[in-house]
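Values in this document were obtained by computation on a predicted structure and should not be read as measured data.
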Amino acid sequence: QVQLVESGGGLVQAGGSLRLSCAATGRTFSHYAAGWFRQAPGKEREFVAAITWNGGRTVYADSVKGRFTISRDNDKNAAYLQMNSLKSADTAVYYCASDRGVGYFADSYYYDQASYYYWGQGTQVTVSS
């Protein structure tokens, strides 16, 4: 059993930065991939970024490449999303997620919401322009 709690969201001006944190409980989290998704009101949830269990590979949505960085620290049982050069289009509730797989998979696996089993409650990010 893994529980995830996001934090670090808030209100920021366009061009600013935020760092989201995902705190996990459960010893097995360090064996699982972690992902970040976001959902704006009235829109579908979309993939943002993912990282493999040991941090060896990362994948990003085209919309955030070069601006967002995903990382993790298994010693602290946590994952992070550093968001720079924020735009109003980044406004959404951001969710941390974790799968139950062990190993590396194709990029398509990490893009797919169905690959993830554990989900946090979300944290609001609002970017003013």
Check your understanding: side chain to side chain contact (heavy atoms under 4.5 Å, CB included) between Val2 and Arg100: does it pass, once the steps are laid out?
Key -> CA-CA 10 Å; Val2 173; Arg100 294 189 294 179; over 6 Å; no
Side chain [X], main chain [Y], donor-acceptor under 3.5 Å:
{"X": "Arg57", "Y": "Thr52", "result": "no"}
{"X": "Ser85", "Y": "Arg67", "result": "no"}
{"X": "Asp99", "Y": "Ala33", "result": "yes"}

Review point. Taking C-beta and beyond as the side chain, do Ile51 and Tyr60 meet within less than 4.5 Å on heavy atoms?
Key: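 Answer no - side chains too far apart.
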Check your understanding: Do Thr28 and Gln1 come close enough that some side-chain heavy atom pair is under 4.5 Å?
Key ->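 When only atoms from C-beta onward are counted, Gln1 and Thr28 do not touch, as no gap falls below 4.5 Å.
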**Study point:** Residue pair Arg45 / Gln113: nearest heavy atoms and the distance that separates them
**Key:** O-OE1, 2.7 Å
Practice item. Please collect all ring-ring contact (aromatic ring centres under 6.0 Å, His included) contacts where either partner lies in residues 4-46, sequence neighbours excluded, each pair once. Key: Phe37-Phe47, Phe37-Tyr116, Phe37-Trp119
Practice item. Check the pair Arg19 / Tyr80 against side chain to side chain contact (heavy atoms under 4.5 Å, CB included), numbers first and verdict last. Key: CA-CA 7 Å; Arg19 190 175 94 144; Tyr80 308 95; 3.5 Å; yes
Practice item. Check the hydrophobic clustering (I, L, V, M, F, W, Y; side-chain heavy atoms under 4.5 Å; chains of links allowed) and say if Leu81 and Leu18 are grouped together. Key: yes
Review point. Are Phe105 and Val59 linked, directly or through other ILVMFWY residues, by side chains that come within less than 4.5 angstrom of each other?
Key: yes
Exercise for review: Measure the CZ-CE distance between Arg38 and Met83 for me, rounded to the nearest 0.5 Å.
Suggested key: 9.0 Å
Practice item. Please determine if Asp62 and Lys65 form a salt bridge, counting it only when a charged side-chain N lies under 4.0 Å from a carboxylate O. Key: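 Looking at Asp62 and Lys65, the cut-off is met.
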